[in-house]
Amino acid sequence: MTTDRAATSAAALRRLHVPGDPLILPNVWDAASARAVQEAGFPVVATGSAAVSRVLGYADGESTPVGEMMAAVARIVRAVDVPVTADVERGYGLAPGELAERLAEAGAVGCNVEDSDPRTKELVDAGAQADYLAAMRAAAGDALVINARVDTYVLGRGDRAAAVERGRRYLEAGADCVYPIMLEDEGEIAALVAEVGGPVNILFRPKAPSYARLAELGVARISFGGGLHQATHTYAQRLFTAIAQGRDPYTN
C-alpha cells in the first residue's frame, strides 16, 4: 500500500472512532473470516492476536514468530477492500519504528499495542510505553491508527486512576484510542470515558453492557478479541464429535 493510500485509509478508520456511535469490530482470524466480516457490511476488519495465533498453531502471548503473524495480517489485507487494523500484542520485541514498518509492509493501517509483558504478565512502565507509542507515531506519521491497550484490569488491578493516567499518557504520546481490556462495569466505563479525554475501546463479552448501552456510555469502539473464534471453534468441535459418534453433524 502506498504511503498516500495508507494515510487515506487510516484517516477513514480514525474518523469511525466516534464517542457515542462506536465502531464495532468483530475480530477475525484468517482471510475467509475477514471476507465474511466485510460481506456482513462492516467498514473495517480487525484481527485478534489470540485467534490468529491459534489458527497458526501457536499459543497466545507472542509465541507466534513475528514473520508468521505479519504474513497472516498481509493475507487478510489482500482478502478485503476495507481498512485493516492488526492486533500485534506487545510488538514481538521489535523496536517501535520497525513495528510500524512491518505493519505498513503488511498493509495494516491500524494496530493494538499492549502495555504489559506477555511473558512476565507485568505492566510495562507507563512512561516507557508512552515513549514507545510516540516513536511509533513518529515513524508512521498519520498512516497508522494506534489503539493503546491498558492492561490494568486484565491483570486484576482495577484502579481507575491508574488506568486513566496510563490512557492519558498514551493519548498524549500519539495514540488514537485507549483500550482498557476486561473493563465491563457500566459505572467504571462511564467514569473512565469521562476522565481519559479520548476515544475508548471496550471488549464485548457475555457480561458486558449491550452495544446500545456502551454507546450511551460514550464508548467509541467495541471489539471482540478472541471470543468469536472461540465460539466458532466450539461449534466445530460439536460437529466433529457428532461425526465421531456416527451422527449427522448438520442436524441436532
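This chain uses plain numbering: 1 for the first residue, then up along the sequence.
From C177, atom SG reaches atom CG of L171 across 8.0 Å, with rounding to the nearest 0.5 Å. Put simply, CD on E105 and CD on E101 are 5.0 Å apart, with the number rounded to the nearest 0.5 Å. With rounding to the nearest 0.5 angstrom, the CD1 atom of I76 is 6.0 Å from the OG atom of S33. Rounded to the nearest 0.5 angstrom, L56 CG and D30 CG are separated by 9.5 Å.
Sorted by first and then second residue, the ring-ring contact (aromatic ring centres under 6.0 Å, His included) pairs involving residues 150-171 (not counting sequence neighbours) form an empty list. Note on residues 131-148: pairs passing side chain to side chain donor-acceptor pair (under 3.5 Å), not counting sequence neighbours, are N112-N147, R137-D176, N147-N201. Screening residues 116-126 for salt bridge (Lys or Arg N to Asp or Glu O under 4.0 Å), with sequence neighbours left out, gives E62-R119, E122-R157. Evaluation of the ring-ring contact (aromatic ring centres under 6.0 Å, His included) test over residues 14-34, restricted to residues two or more places apart or in two chains, returns W29-H229. For residues 78-89, the pairs satisfying side chain to side chain donor-acceptor pair (under 3.5 Å) are S49-D87, E89-Y92, with sequence neighbours left out.
Legend: residues meeting side-chain hydrogen bond (donor to acceptor under 3.5 Å, both in side chains) with D60, ordered by chain and number and at least two apart, are absent. With sequence neighbours excluded, the residues forming a side chain to side chain contact (heavy atoms under 4.5 Å, CB included) with P43 are L16, L23, listed by chain and number. Here E188 pairs with R160 under the salt bridge (charged side-chain N to carboxylate O under 4.0 Å, His left out) rule; sequence neighbours left out. Qualifying side-chain hydrogen bond (donor to acceptor under 3.5 Å, both in side chains) partners for R15, counting only residues two or more places apart in sequence or in other chains: none. Judged as a salt bridge (charged side-chain N to carboxylate O under 4.0 Å, His left out), and not counting sequence neighbours, the contacts of R213 are E186, E216. Take T47 and apply the side-chain hydrogen bond (donor to acceptor under 3.5 Å, both in side chains) test, not counting sequence neighbours, and it matches no residue. Listed by chain and number, the residues in a side-chain hydrogen bond (donor to acceptor under 3.5 Å, both in side chains) with E184 are R205 (sequence neighbours excluded).
For the pair P249 and R238, the minimum side-chain heavy-atom distance is 4.5 Å or more. Residues P65 and Y58 meet the side-chain proximity criterion, which asks for heavy atoms closer than 4.5 Å. Side chains of P180 and V200 form a contact here, defined as non-hydrogen atoms less than 4.5 Å apart. In this structure the side chain of V28 never reaches within 4.5 angstrom of the side chain of R35, judged on heavy atoms. Inter-residue side-chain proximity for L155 and S116 is flagged as met; some heavy-atom pair is nearer than 4.5 Å. The shortest side-chain heavy-atom distance between F42 and V82 does not fall under the 4.5 Å cut-off. At a threshold of 4.5 Å between non-hydrogen side-chain atoms, the residues V124 and R90 count as touching.
For the residue pair S53 and A59, the shortest heavy atom distance occurs at CB-O, 3.8 Å. Contact record, A108 with L144: O-CD1, 4.3 Å, taken as the closest heavy-atom pair. When all heavy atoms are compared, the tightest approach of G218 to V193 is O-CG1, 3.7 Å. A34 and V45 get closest at one heavy-atom pair: O-CG2, 3.8 Å. Contact detail for L99 and G91: the closest heavy-atom pair is CD2-CA, 3.9 Å. Nearest heavy atoms, A106 versus M70: CB-O, 3.8 Å.
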Steps toward side-chain contact (heavy atoms from CB on, under 4.5 Å) verdict (M69, V52): CA-CA 8 Å; M69 181 59 74; V52 174; 3.5 Å; yes

side-chain contact (heavy atoms from CB on, under 4.5 Å) evaluation trace for V84 with V109: CA-CA 6 Å; V84 172; V109 296; 5.9 Å; no

Derivation and outcome, side-chain contact (heavy atoms from CB on, under 4.5 Å), residues L214 and I189: CA-CA 8 Å; L214 288 171; I189 292 171; 3.9 Å; yes

CA sep, side-chain torsions, deciding dist, call: I181, V150, side-chain contact (heavy atoms from CB on, under 4.5 Å): CA-CA 6 Å; I181 189 169; V150 176; over 6 Å; no

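Donor-acceptor pairing under 3.5 Å is lacking for the side chains of R149 and Q129.
In terms of modelled atom types and a separation under 3.5 Å, the side chain of R221 and the main chain of V18 share no donor-acceptor contact.
Using the six-membered ring where Trp is involved, F224 and Y211 have ring planes that are perpendicular, over 60° apart on the 30 and 60° scheme.
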